[in-house]
S.K.: 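Pasting in a structure now, in structure tokens, and then I'll have a few things to ask.
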Amino acid sequence: VTDPLPAGVEHALEHGSEIGSWTDSLQRHDDRIEHSCHAVEPGLLRFSYRVRAIHCGVFQIPPACALEVYEPETMGRSRAESVVIGLIPT
């Protein structure tokens, strides 16, 4: 699973933390987070992690993509979204 991060955020993961039960490895990049595993059961899988806002604004969230390494025609993609990052009024 490749999950691109929207502009305006960075991942807030610490090494060795927040790896899901179905994830064999987790790679953190400046622009995305990648989960990989040897096998998963059919159905819906969800994962979550924390990000840290570093800029205010309206940003597009690119779709996440999941595919099998040796059978890339078996794949899925989430829908694109947008996120608004702003200051919290005091």
Side-chain angles (χ1 to χ4, degrees):
V1 175
T2 300
D3 193 12
L5 296 174
V9 304
E10 62 185 11
H11 65 76
L13 298 172
E14 297 179 14
H15 289 286
S17 68
E18 300 195 39
I19 294 178
S21 60
W22 59 271
T23 302
D24 292 333
S25 73
L26 181 87
Q27 295 180 359
R28 300 154 191 86
H29 302 274
D30 290 341
D31 63 340
R32 68 191 182 284
I33 295 177
E34 295 179 342
H35 296 259
S36 63
C37 61
H38 287 90
V40 293
E41 295 296 321
L44 179 67
L45 295 174
R46 293 180 188 253
F47 63 93
S48 63
Y49 48 85
R50 294 177 188 251
V51 295
R52 181 178 302 113
I54 55 174
H55 296 289
C56 293
V58 178
F59 303 99
Q60 296 302 309
I61 304 172
C65 181
L67 59 88
E68 293 187 57
V69 174
Y70 299 110
E71 295 183 43
E73 65 277 2
T74 304
M75 57 90 63
R77 187 180 306 263
S78 68
R79 65 178 182 230
E81 298 280 347
S82 62
V83 62
V84 177
I85 300 172
L87 299 174
I88 298 173
T90 57

S.K.: Please give me the minimum heavy-atom distance between His11 and Arg28, naming the atom from each residue.
M.R.: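 Looking at all heavy atoms of both residues, the shortest contact is NE2-CB, 3.3 Å.
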S.K.: Any chance you could lay out the side chain to side chain contact (heavy atoms under 4.5 Å, CB included) test for Arg32 and Leu5, step after step, and finish with the verdict?
M.R.: CA-CA 5 Å; Arg32 68 191 182 284; Leu5 296 174; 5.5 Å; no
S.K.: Could you list the residues that satisfy side chain to side chain contact (heavy atoms under 4.5 Å, CB included) with Gln27, not counting sequence neighbours?
M.R.: His29, Glu34
S.K.: Where do Pro72 and Val69 come nearest, in terms of heavy atoms and distance?
M.R.: CD-O, 3.9 Å
S.K.: Which atom pair, heavy atoms only, marks the closest approach of Ala53 to Ile85?
M.R.: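 That closest heavy-atom pairing would be CB-CG2, 3.6 Å.
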S.K.: Check residues 75-83 and write down every donor-acceptor pair under 3.5 Å in which the side-chain atom is one partner and the other belongs to a residue at least two apart or another chain.
M.R.:
from  : atom 1 : to    : atom 2 : distance (Å)
Ser78 : OG     : Ala64 : N      : 2.7
Arg79 : NE     : Glu81 : OE2    : 2.4
Arg79 : NH2    : Glu81 : OE2    : 3.3

S.K.: Which heavy-atom pair separates Phe59 from Pro6 by the least distance, and what is that distance?
M.R.: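 The pair with the smallest heavy-atom distance is CB-CB, 4.3 Å.
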S.K.: Which residues pass the side chain to side chain donor-acceptor pair (under 3.5 Å) test with Gln60, not counting sequence neighbours?
M.R.: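 In terms of side chain to side chain donor-acceptor pair (under 3.5 Å), with neighbours along the sequence ignored, Gln60 is linked to no residue.
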S.K.: Each residue besides Val58 in its hydrophobic cluster should be listed here, by chain and number; the cluster joins Ile, Leu, Val, Met, Phe, Trp and Tyr at side-chain heavy-atom distances under 4.5 Å.
M.R.: Val84
